[in-house]
Number of protein chains: 2
Amino acid sequence: MEAVLGEAVRLLDEAGESALTFRALAARLGGGVASIYWYVANKDELLDRATDHVLAGVLDATEGLAATDDPLADLRVIAVTLFDAIVDRPWLGAYFMRNTEVQPHALRLYERMGQQVLRLDLGPRDSFHAVSAVIGYVVGTAADLGRQPPAEVLEGEVDRDEFLAQYADQWRQLDADAYPFLHLVVDEFAGHDDADQFRAGLDLLLAGLRLQAASSR
Amino acid sequence: MEAVLGEAVRLLDEAGESALTFRALAARLGGGVASIYWYVANKDELLDRATDHVLAGVLDATEGLAATDDPLADLRVIAVTLFDAIVDRPWLGAYFMRNTEVQPHALRLYERMGQQVLRLDLGPRDSFHAVSAVIGYVVGTAADLGRQPPAEVLEGEVDRDEFLAQYADQWRQLDADAYPFLHLVVDEFAGHDDADQFRAGLDLLLAGLRLQAASSR
DNA sequence: TCGACCATCGAACGTCGTTCGGTAGAATAG
DNA sequence: CTATTCTACCGAACGACGTTCGATGGTCGA
């Protein structure tokens, strides 16, 4: 079972979501295709459990961190760690907390983020909304930023900038009067870093949360 | 072409993402399977264009709205409208702005949201990050909340509460000392409304943005 | 009248998730 | 010691899917 999940995650990490087929996985395990169905009922459950397998690592990585006197700083560290795990595995976003019966580590991660919010002394409703918002932003943004452009996979390293530049040129050719915003940010877009972009948005969200915590006491 | 996209979206709206197959679409159109390939190169492009087809409607719906003296209120209206469109079509999240060459309406929507941020007089970098954050949150949360539980589809209307209650009971059976946050919010979770939850998070994000705008002038 | 182009299509190919029927060996019961 | 049950596994097949191929009328300007 652990071997199946480990090999599944390895396959996903190496070659992406499309590489995970029952046949490929069986070949890696040196067994037959149908054998996998003894461990999981179907592919969704395989990915549910693979998700939890990855989240166990995230939980581990956030174990030592997140112990300052600022709840929001601690929440931020956990969020960034989770983001890093998902951005390299965009498939994970669709399965995160999809079925917590087979995802105990997802529950524990949710709890750990919640405990930081708990320290803000908001009510149950605001606390629930706060954690939901942070998780929604982290998972959604990571899944979005993680999906690679199809042309890039075939080539090396520098092609990402080229890809962005190509898009930027497309934007620049639009009418500057009709698209003033696009023209303002096109240079930012062409040179942007995904992780920076994510963190900037996260900080906005946490600033809003800090404001709410301050005004409620 | 327009007939193909219209029927594709109708099929998706009626029966979900898995119902959109080239065979089913061809049957609806009263034609052959291979004919669709004259209009689009592959299924990804079909969904790229179907996405733009839907976004044209969103753009239309936000045309009259969003004209107050508060940029963030206007941005909020657009965000909520976009959310409503995606939460009923979770497949759309994965294709939003994936290939803007065939998604002109996505670009216009991006621009329209950007123009609200423009009124905050932030720099190019902060403006880019702000719009990226809002869109990431909206699309990610909508795609997440939109995916239906598998057991619910088979039955009627009231089963959603039952589904949530079943999950809530699972949470309640966990140790209260190890999971204090879960126990605090479990009642909120059991009775929560997806749209409320989304709006609460959106308001946090916009509050953070308002704070940034105020402090930068 | 003729070729160029538009729009269409049936049939086939390869791959995928999944199911079925079965089996070798270990554990357990009599 | 034997019979039965249970665990872990597997080859082969099924049906559905995205996609490709080669061919076919129909509509044109030349």
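In what follows, every chain begins at residue 1, and chains take the letters A, B, ... in the order their sequences are listed.
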Nearest-neighbour nucleotide for the [X] side chain, [options] considered:
X	options	result
A:Val33	C:dC16, C:dT18, D:dG18	C:dT18
A:Ala34	C:dT18, C:dC16, C:dT19	C:dT19
B:Tyr39	D:dC21, C:dT18, C:dT8	C:dT8

Exercise for the section: Return no unless some side-chain N or O of A:Ser35 is found under 4.0 Å from OP1 or OP2 of D:dC10. Expected result: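 Checking D:dC10 against A:Ser35, a side-chain N or O does come within under 4.0 Å of OP1 or OP2.
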Rounded to whole angstroms, how far apart are [atom1] on [X] and [atom2] on [N]?
X	N	atom1	atom2	result
A:Arg23	D:dA13	CZ	C1'	10 Å
B:Leu46	D:dC17	CG	C1'	14 Å
B:Asn42	D:dC17	CG	C1'	14 Å
A:Lys43	C:dT15	NZ	C1'	11 Å
A:Ile36	D:dT7	CD1	C1'	17 Å
B:Trp38	C:dA7	CH2	P	4 Å
A:Tyr37	D:dA12	OH	P	18 Å
A:Phe22	C:dT18	CZ	C1'	8 Å

Problem - Ring centres under 6.0 angstrom apart (A:Tyr110, B:Trp171) - result: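 Under 6.0 Å, so yes.
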Problem - Aromatic centroids of A:Tyr137 and B:Tyr137 separated by under 6.0 Å - result: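 For B:Tyr137 and A:Tyr137, the ring centres are not under 6.0 Å apart.
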Exercise for the section: Could you tell me whether B:Gln170 atom CD has more than 12 heavy atoms of other residues or ligands within 6.0 Å of it? Expected result: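 Result for CD/B:Gln170: enclosed.
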Exercise for the section: Could you tell me whether A:Asp193 and A:Arg160 make a salt bridge, using a distance below 4.0 angstrom between a side-chain N and a carboxylate O? Expected result: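 Looking at A:Asp193 and A:Arg160, the cut-off is not met.
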Problem - Closest-nucleotide ordering on DNA chain C, the 5'-leading residue of A:Thr21 and A:Ala41 - result: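 Counting from the 5' end, the first nearest nucleotide belongs to A:Thr21.
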